[in-house]
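Atoms considered below: every heavy atom in the structure, side chains included; atoms not considered: hydrogens, waters and symmetry mates.
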Amino acid sequence: TFFFGFVSVGEGSVKMATPEKALLDCIYLSPAKSRLFASFPELDLKDTFNVTTARRLIKQIPSARLQTILLRRMTILMGRQDA
């Protein structure tokens, strides 16, 4: 989707999504026809997930409409009003 929110792994040749970026990518893909990412029953947001970082990543998206959609879906998914 968007090319930011990655960390280098190993010798630096492999880029891996941060937990925040990975969740946002899944949320972004959730309305797809395949419905592959329509729900996340196995989701377990550990202490390593940072809502502030996720919000900062969302603000990097050029489209205000997509920002709003992702923020709204993240809030619903996390089950809190402060996301």
Asks: Do Thr18 and Leu57 have side chains that get closer than 4.5 Å, going by heavy atoms?
Replies: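 Yes - at least one pair of side-chain heavy atoms lies under 4.5 Å apart.
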Asks: Is Ile61 reachable from Ile69 through a run of I, L, V, M, F, W or Y residues, each pair having side-chain heavy atoms under 4.5 Å apart?
Replies: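 They do not share one cluster, since no chain of ILVMFWY contacts under 4.5 Å joins Ile69 to Ile61.
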Asks: State the CG-CD1 distance between Leu24 and Ile58, to the nearest 0.5 angstrom.
Replies: 4.5 Å
Asks: To the nearest 0.5 Å, what is the distance between CG (Leu23) and CZ (Arg73)?
Replies: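 If we round to the nearest 0.5 Å, Leu23:CG and Arg73:CZ are 12.0 Å apart.
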Asks: Is there a path from Val51 to Tyr28 through hydrophobic residues (I, L, V, M, F, W, Y) whose side chains come within less than 4.5 Å of each other?
Replies: yes
Asks: Tell me the closest heavy-atom pair linking Ala17 and Ala22, and the distance in Å.
Replies: CB-N, 4.0 Å
Asks: Quick one: closest heavy-atom pair of Phe49 and Pro19, and the distance?
Replies: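 Residues Phe49 and Pro19, closest heavy atoms: CE1-O, 3.9 Å.
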Asks: On a heavy-atom basis, which atom in Asn50 and which in Thr52 lie closest, and how many Å separate them?
Replies: OD1-N, 2.9 Å
Asks: Working to the nearest 0.5 angstrom, can you tell me the gap between Met74 CE and Arg55 CZ?
Replies: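 So the gap between those two atoms works out to 6.0 Å.
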